[in-house]
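Everything on this sheet refers to the single structure shown next.
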Amino acid sequence: MPPKPPLPRSLHLTAKPAVISSPAKTKFPHPKPHLARYHLEASSVPSTFPTPPFSPPASPKLPARRQPAFNPGGFGLAGGQQSSSSSGSWKGKGKEKERAIDELRKRDEEIGRDEMIIEGKEGKEEAEACYVPPPNTLIHHSTGPLALLYSPEPLPPFQIAYETWGTLNSDRSNAILLHTGLSASSHVASRGNDVSSSTYTKPGWWEEFVGPSKSIDTDKFFVICTNVLGGCFGSTGPSSPYPPGDGQTRWATRFPLLSIHDMTRAQLSLLDELGIDKLYASVGSSMGGQQSLSLAYLAPERVGRVVSISATGRSGLGGVGMRYAQRSVLMSDPNWNRGFYYDGVPPHTGMKLARQIATITYRSGPEWEQRFGRRMLSEQVASQQGETEIPRLSPDFLIETYLDHQGERFCLTYDANSMIYLSKAMDLFDMTAPALSSLAKRFNAVYPDLPPFPLPSDPPSVNVYSPRPPSMSESTDVDADAVLKEVEKQKAKSDRFIPTSKSPHLPELAAGLKRLKDIPALVLGVQSDVLFPVEQQRELADALKLAGNEQVTYYELGGVWGHDTFLLDVQNVGGAIRGFLH
Ligand SMILES: CC(=O)SCCNC(=O)CCNC(=O)[C@H](O)C(C)(C)COP(=O)(O)OP(=O)(O)OC[C@H]1O[C@@H](n2cnc3c(N)ncnc32)[C@H](O)[C@@H]1OP(=O)(O)O
């Protein structure tokens, strides 16, 4: 058995106040082998990059199509007329369609991206081929509809795609549920479902973290990862058939607005099917960290440990603004067509630009200083040809070509509507007591017969899977005074507590997280993260402690990888998880 990776040396277990690790110690050059090949000779510029002069991509002319009523919240079925007519929107317009596809193909050939070109057969939705779930994905079918927090209409019976690694032990006590970030599939690692016989060896997005003897050791744990509700890799989402079972067309923006709590309630349905009463741990990064906290809130008795990496207890407005900018550029691509693009050409340009903005929030300026400096493509071309360098308007700084490449690589591999819905769900995430109470109030009033959405002050026995306690049946009103009183109580406590966080929201977040007070928690943040800044990590860790949780482990990492550190830093992030789980 290979030796276990050592525990990170640069990490500090947080005493009170939190100890901050010394600033960036990340080794550079970048340790990833495939980057090593990205030297600065012009010859190493990826062939996928357009060569100068850079001509603006021609927008394929789409045939006019009936515009569905825009209905992003999914309330009612205003866009429903689309369902019968949309697949026919290309009908009788074969030439126009061919021309549009030809133009797209020409453009893709120009930039050497022919392998990504839409492979759709005549009459088949082209976008579909690009985001199929991994072949070994398992599907959980819910037994009933899912009542949603922001919609008066429940989601009809849904499905959740998932993969597993390792073996569930006889008392079903070794299960770890991994929650993904925004755009990932359930494919965390290769050889899922049955390690010994699985031949599906494509590396997953946490390949170095999950496996036999790795940080999340599949010799010891039974690991489950789902594609999130609203995603596009096998779980029900905006690209799923609508009406369900009909298969004629897609939900598109008729899909109801989702909350992170809806996603985790959908996961509970899978845990029920697998017969797992209590998880050994709920682990997630970024949006996955939000899910991890949500699950622990909704079902504290079912979560043995909670891990939140580069996430937050309440979405900060810096992140909300950046995600809004991404959605704005995407939605202004005419091909987005108010979300009804499944029978036509997908919003390639909008997705590409949105991903460029996203990438800026995933990494960091200091990383790019080290990785690219102020070097330019024109410099390389000129030096190769013995000419004087002339800067270009088109992407020239290597950071520009990098962002261009990231956008290009992503834009047809993920569903634009899934991106919009999940990014909005991240924005809406707020675990402060007033926010949770108002969600509970709305949900419990709309669904008086269902198990309740718990109030922050409820004991663990009040949860989203047990019958509504009789005491709650009389009134679904939230006692606003009680919420305020709890916040005041936390405020008074915070005078005696020495927090590292300067957040004015600490007392209300602590009041919201009271249900997690008995669950050992790992909170990990990264100093160079601009999306979920380290202040939000301190806020979360401090709020948990203020709520009475005496088992909070807090790590703050240096390094330049920003938000994506959770995908890259196997030693420190992986080591912290391993130490916490054992
Ligand atoms: C919000 C949430 O909930 S979660 C968000 C999480 N983050 C993400 O989704 C981002 C996902 N990131 C990735 O997928 C990354 O590829 C990682 C983290 C897996 C690996 O990162 P790195 O090893 O640093 O590679 P990175 O992707 O940055 O760069 C490598 C690619 O860029 C290309 N590249 C590097 N420099 C340049 C450049 N100057 N110009 C053009 N292309 C470049 C390389 O050729 C390579 O291309 P390829 O992947 O097509 O072979």
Side-chain angles (χ1 to χ4, degrees), residues 26 28-42 44-51 111-113 115-116 179-185 187-188 203-209 228 230-231 260 263 284-292 308-312 315 319-320 322-323 326 354-364 367-368 370-377 379-380 394-411 413-414 418-419 422-427 429 526 529-532 559-570 573:
T26 308
F28 209 81
H30 198 290
K32 291 258 146 178
H34 66 277
L35 273 189
R37 70 162 196 258
Y38 197 79
H39 296 302
L40 292 175
E41 295 86 47
S44 70
V45 173
S47 61
T48 50
F49 186 68
T51 45
I111 58 174
R113 216 172 46 85
E115 77 281 4
M116 279 181 69
H179 309 271
T180 72
L182 188 149
S183 54
S185 73
H187 194 58
V188 170
W205 54 267
W206 241 11
E207 186 70 25
E208 303 303 323
F209 292 74
V228 74
I260 296 286
M263 301 170 192
S285 312
S286 191
M287 187 183 87
Q290 296 179 327
Q291 293 170 69
S292 193
S308 166
I309 299 168
S310 297
T312 180
S315 273
V320 172
M322 293 308 282
R323 283 186 291 273
Q326 292 165 46
R355 187 63 171 185
Q356 289 187 1
I357 301 173
T359 303
I360 295 169
T361 70
Y362 295 162
R363 307 300 274 256
S364 81
E367 180 199 353
W368 294 332
Q370 293 182 21
R371 191 167 171 180
F372 306 126
R374 291 183 57 81
R375 283 161 294 190
M376 294 187 196
L377 196 65
E379 223 172 76
Q380 299 171 10
S394 56
D396 199 359
F397 280 107
L398 293 189
I399 177 55
E400 294 174 333
T401 65
Y402 174 74
L403 292 177
D404 188 85
H405 179 73
Q406 295 298 324
E408 199 61 56
R409 194 173 69 160
F410 182 73
C411 64
T413 57
Y414 196 69
S418 281
M419 200 280 258
L422 300 189
S423 118
K424 189 72 188 187
M426 288 175 76
D427 292 354
F429 187 70
V526 177
D529 188 340
V530 290
L531 189 59
F532 290 102
V560 293
W561 283 324
H563 187 63
D564 272 354
T565 299
F566 78 85
L567 294 167
L568 291 161
D569 193 344
V570 184
V573 177

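Predicted model, so just to flag it, every value in this text is computed and none were measured. Remember, it's 1-based here, ligands and their atoms both numbered in the order they're listed. In this chain, residues are counted from 1 in sequence order.
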So, is [X] polar-close to ligand 1, with some N/O to N/O distance under 3.5 Å?
| X | answer |
| --- | --- |
| Ser285 | no |
| Gly181 | no |
| Tyr402 | yes |
| His563 | no |
| Leu398 | yes |
| Thr401 | yes |

So, does [X] use its side chain to make a donor-acceptor pair with the main chain of [Y] at under 3.5 Å?
| X | Y | value |
| --- | --- | --- |
| Trp206 | Phe566 | yes |
| Trp561 | Glu367 | no |
| Ser292 | Gly288 | no |
| Glu400 | Asp396 | yes |
| Ser364 | Val560 | yes |

Option whose closest heavy atom lies nearest to atom 48 (P) of ligand 1, chosen from Arg363, His405, Gln406 |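 That would be His405.
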
Show the numbers, then the answer: is there a side-chain contact (heavy atoms from CB on, under 4.5 Å) between Ser286 and Leu182?
-> CA-CA 8 Å; Ser286 191; Leu182 188 149; over 6 Å; no

Of all the heavy-atom pairs spanning [X] and [Y], show the shortest one and how long it is.
| X | Y | answer |
| --- | --- | --- |
| Phe532 | Ser310 | CD1-O, 3.2 Å |
| Gly407 | Gln356 | CA-CG, 4.4 Å |
| Arg355 | Gln406 | CG-O, 3.7 Å |

For [X], the ligand 1 atoms whose distance to one of its heavy atoms is below 4.0 Å:
| X | answer |
| --- | --- |
| Arg355 | 8 (C), 9 (O), 10 (C), 11 (C) |
| Ser183 | 9 (O) |
| Met287 | 3 (O) |
| Ser286 | 1 (C), 2 (C), 3 (O), 4 (S) |
| Leu182 | 2 (C), 3 (O), 4 (S) |

Given that the side chain starts at C-beta and the backbone is N, CA, C, O, which of these parts of Trp205 lies under 4.0 Å from ligand 1, counting heavy atoms, or is it both or neither?
->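 Answer for Trp205: neither.
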
Using a heavy-atom cut-off of under 4.0 Å, does the side chain or the backbone of Leu568 touch ligand 1, or both, or neither?
->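 Near ligand 1, Leu568 shows its side chain, while the N, CA, C and O stay back.
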
Is there a heavy atom of Arg371 sitting under 4.0 angstrom from any atom of ligand 1?
->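 True for this residue.
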
Val228 vs His179, side-chain contact (heavy atoms from CB on, under 4.5 Å): CA-CA, chis, key distance, verdict = CA-CA 8 Å; Val228 74; His179 309 271; over 6 Å; no

